[in-house]
Every structure is written in C-alpha cells, then in structure tokens.
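Reviewing the structure listed below.
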Amino acid sequence: MAKENGNGEQQYGADSIQVLKGLEAVRKRPGMYIGSTAENGLHHLVYEVVDNSIDEALAGYCDDIRVTIHKDNSISVEDNGRGIPVEMHPTEKLPAVEVALTVLHAGGKFDKSNYKVSGGLHGVGVSVVNALSERTEVIVKRDGFKWRMAFVRGQTVKKLEKLDKARDTGTLVRFKPDPEIFSVLEFSWSTLADRLRQLAFLNKSVSISLKDDRPDEPKNETFFAKGGLVQFVEWLNRNKKPLHPKPIAFTVTRDEVEVDVAIQYEDGYNENIFTFVNNINTHEGGTHLTGFRAALTRAINEFAKQQGSLKKEDFTLTGEDIREGLTAIIHCKVREPQFEGQTKTKLGNSEVEGIVKQVVYDQLRTFLDEKPAVGRAVIEKAVSAARAREAARKARDLVRKKSGLEGAVLPGKLADCSLDDPAMCELYLVEGDSAGGSAKQGRDRQFQAILPLRGKILNVEKARIDKILSNEEIRAMITAIGAGVREDFTLDDVRYHKIVIMTDADVDGAHIRTLLLTFFFRQMPELIEAGYIYIAQPPLFRVARGSGKKEEKFYAYDDKERDEYIKRLSNGEGRGTVAVQRYKGLGEMNPGQLWETTMDPGRRTILRVTLDDAVEASKLFDELMGDEVEPRRLFIERNAKYVSHLDV
Ligand code: 0RA
C-alpha cells in the first residue's frame, strides 16, 4: 500500500496500484455502484455493510447486528459473527481484512462454500463503502484478540494492529460518508428503520437494532421477529381487520430455490403483495410474482368449483377479484438471481416462475382442504369483488372521456382556463368553496383552471372502486383531468400538465392532501410518474409595517422566516408597529394575496410530488385507519416530514 518516504511523498507498489485503480473507478462513478449520490445512495452504504453481517447470520454464525447513527453522521455496524479474517491473504500479501476493505469485489472471495444470498441491490461490497467514505475504521475481534485498522477515502492510513485480548468474536465497521461525493449527508431514522425492520422480518431470529445518537436523548429500537414472514404480514395488517386470524404460511425448497410465503386476507379492497429475492425488495416483481399470482388464481378457482360456490354466478373469478384485500410476502432464495427492469428490481430467472407456481399451488390446496372455512371467506370476498367490478365498469363509462366532437361534459364547479394546450395549463384543486372563490378571482384565467373541492373527499383506501367512481368530488376531478381512470387512463389525454393541490396549512389540509395523493397514487399513478402533480405552498404569516402606499410587507412560510421579517421591519425606518397576521386557512387571503403568494408562477413555490411521496402518503393512510391516537400523532409528524422531502 501507500508508504511515505522521507519527503512526505507517497510511493506505491504494484499491488497498491491495482487497489488505487479500483478506488478511483468507484469515486469517479459512484452511481454505477450505489445507484445515486443523493439520499438513496447514502442509505445504500449502510445496507451494504449490514448485508455482510446478514450473510454471516445466514451462514449461522451471527444473531445480533447493531447499527448506530453517530452525532457526526457517521454510521457504525457491529455484529457478533466470526469477524473478518485478519491473517495474511495468500495472493494479495495483505491481511484479509485489508483486502476486503480495499479490493473491489473482494466480498465473497474467502469462503466459497456458503453461497451468498444476501447482498444489497448492487451487492458491491464494503470496499465501495470504504472508497466513498471520508474515513473508515474496522475493528475485528477474532483469534483471541481485538484488531483495528483505518482508512481515508478508501486508502489505508493505519495498518492492521493487534490490540487487547478478546474472548468473543465480531466485526465493527464505522464509516463517515465523503462530502466530496454525496449531496446529502444526513441519515434518516425512518428510512433506516424501515429497511432494518424489513431485514429482521426476512431473517427470523436475527436481532437488528438501530440507535440514533444525534438527538440529546438518543433513540433506540430493536427489530426481532422469531415468526419471520408471518409476523411481517401481521405487522402490515396491524391496523386492519383480518378475514382469518392466522396467516397462511410455508417455506419449501424445490430445485434449489427456497420459497418462503405468508398470506393474510383483510377486509379492505387493495392488493398488497411485497416480493423479495435474497433479501432484496423486488419492487418491479418478476417471475416469482407471476408464478405466485397464477397459483393463487388457480387454487382458489378450483376450490370454489369443488365447493359449488359459483353455481349461481355466471362469471369466473379473475385474479384481480381474488387479490382484493390480500396482503402477502414472497421471499425466494435463488443461487444466481438475474435482476432486470429499470431499477434492476425485477426477477428474470424463468425457472423460478414454475417452481413458485407449483409450490404455492400445492401448499394452498393442502391448506384449503384443511381449513375450508378460510377458503369460503376468501371466495365470498372475491365474489363480491367481481360484482363490484361489474358495477365499476358501468360507473367508469359515465366518467370516461368521450372522444371526437361530443367532448366530455366538464363539471359545473370547474372554472376552466381559456388556453387549450395542456403543456401550458394548470389545474388548481382547492380545498373549500370560499378559497375556491378567491382562487377563481385571483387566477390568470388564460392558463389556470380552478376546481373547488368540498370538505373531505372520499377515503379511497377504504372504498371499493365502484363507490369511488360514484363519488361526486372524485368524478369532477376525473372529468376535469379528462384522461379516464385506472386501466382506461391515457396520459396523452390529460388536459393540464400541472395539477396543483392547494389546501390549508393545517392538519385538516394535510389530511385532504394525503387523501388526494392516495387517490392519484391508486387510480392514476401515471400522473405522478409523469411529474404532473404538485403541492402549493401558501404562506403561514403576513408581516407588515405601516399602511397604504407606505406599507412594507413580507409573507413568511415558517416561524423562522416570520421572525426574520419581524426583526428586519423592527429595525427599519418606517412608522408604526409591526403587524403579524397568521393565516389559518386559504380563505383568509383575498384574491390578490392568493395570487401573489401562491399562484403567480413568477413568485410562488410549488413542490413536485414523486412516486415515493405518494407511497408514503398511502402508508400514512394505513396508520390513520386504526382507532388509536398514536397513529394520528404519527400522521402529523410524518406529514411534516414527507412534505420537506419533495422536490421543488
Ligand atoms: C469472510 C470469511 C469469514 C467471515 C467474514 C468474511 C465476515 C465478513 C464480515 C463483514 C461484516 N461482518 C462480517 N463477519 C464475517 C469467515 C472466516 C472463518 O472461517 O472464520
């Protein structure tokens, strides 16, 4: 490695040049290794290190992993595994631990016998984390001693040293992400907690804890699930009413693929299937999901036929009917997974489809034979979903945009704009008739349309599609947007390329905003993907001094800004006292004020909603469903959070 000569210059040997090339490649194109250098990439560093500990747990040597967010935003990951080997590596002529931390793709080199089923999305190894960190420290307990070494931006700065005696074994990796690489350096508790909780459910009997040392009062949570996926499904359904008390669950290995599944129906109307391969969340699905769906549809339809349940009905149950209210986790372990798709989270291995299909079908048939009452409850629900599907088709015809000269009949409450190029047009969805009135007067009618929404719109997470489509506020939105809904939705028909949600800056406003986001997420996700949905940012305060022509005024969007303006005006020359008005709702602003603060493209701030925000909104919903007070408090807390994550 790098040695210093007398002049303070560094000298490199042949092997260290190899290492430097690897480091350089990672630092030059970090995105290739960790996806991005923003929030996701930053958190990926943690997952990468934790995955190594999970591998050690899967090999049967580790059952405790502790993650700490330190005050300086460095992270440490400590486990009680065997410890990274410290002996000389036979070919690299460096301690094995140094090879693991500095040589690209050195991850699984030592121990080929236990195949690696973990590994992050990119599965790139700790050397990448090291290369992208300002500083890394590794402490190993192994062979009766404690060992330590340190690195700066991936390069060894402290060679392996032997410290005190140690009886137990384990590894601690502490790293501080490099500000030269990352645009965001602050770790998010909830992002890390969500992933670690997930890992604990996926790897039963491994205890994973997360500690946050940044606040004055440190936060600490331990995730541990002896019941594995069963507990995962129960947790997902914690605020719902299950149709059967115990999840259906099985783990079967067939042709070297392990298939681990847990299923529980609840009385809602959505489908929530989460799939994983080797601990990786396969967001885009793939062959395991396809196999699972086919098996479920076949098993339930055959059982229904056998029970004579469909005699009176002249339709068959579709997959969609059968998945209404379904919560399921599918976790497959595959030796050589192929990941495809835009985000490389879609399983491509074709052999897995047949394996999962056979396993799930066999297991479900056995289960249904043993517990026919559960089967009958599922069929009853699927049959009513099928009836609703029929009713929804009829309702959808009513809101479907008519083609050609006929045109769609626009809702009466809509104040449309005069331009008709969708790329230029904006639709404001405004909470309440009074704010709607101000918005209509204050807008630029050339390109801004206003649709006032009365009160709370329907909770779409709690209603079935036919009911959703018969709700007046929702129909008004669908016809105004003009592009249909769900499978009939056509992005090219959208009448406005900016759809701006404008609600009061209070809890009710946040609630309505969440409802609307959930609606778009469930019924028109393409709108969010296209980046057409925005959130308006009305000011919270008006700070003014003087009156009439001499009045000096500022609008403030938070407490800090308000205080700054108060200070500025108090120190100024003007006469009179500083007046602070707090806007409790949009309705308190006159049309002119609404225009200059919230609607004028030259002065307003609007936040573009991302798909992640919408997923977050729909999660918030689940939390609100229960009768408890805690979810409501959490809602307020998290709502404040997710809005700050939006892109301007
Ligand atoms: C290679 C071989 C062995 C353990 C590990 C790597 C290992 C790596 C990490 C990374 C974080 N925690 C870890 N724990 C273990 C096994 C060597 C042996 O046979 O004892």
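Whatever order the structure lists ligands and atoms in, that order sets their numbers, starting from 1.
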Checklist entry - Could you give all pairs that pass the side chain to side chain donor-acceptor pair (under 3.5 Å) test and reach residues 168-177, with sequence neighbours left out? => result Ser74-Arg174, Glu134-Lys176, Lys141-Asp168

Checklist entry - Looking at Lys346 and Glu284, does any basic side-chain N land under 4.0 Å from a carboxylate oxygen? => result no

Report, in ascending order of atom number, the atoms of ligand 1 lying under 4.0 Å from any heavy atom of [X].
X	answer
Ile84	8 (C), 9 (C), 10 (C)
Asn52	10 (C), 11 (C)
Arg142	17 (C), 18 (C), 20 (O)

Item to check | Side chain, backbone, both or neither: the part of Asp79 lying under 4.0 Å from ligand 1 by heavy atom | outcome: side chain

Checklist entry - Can you name the side chain to side chain donor-acceptor pair (under 3.5 Å) partners of Gln198, sequence neighbours left out? => result Arg195

Item to check | Within 45° cone of Phe339 ring axis and under 6.0 Å: Lys344 NZ or CZ | outcome: no

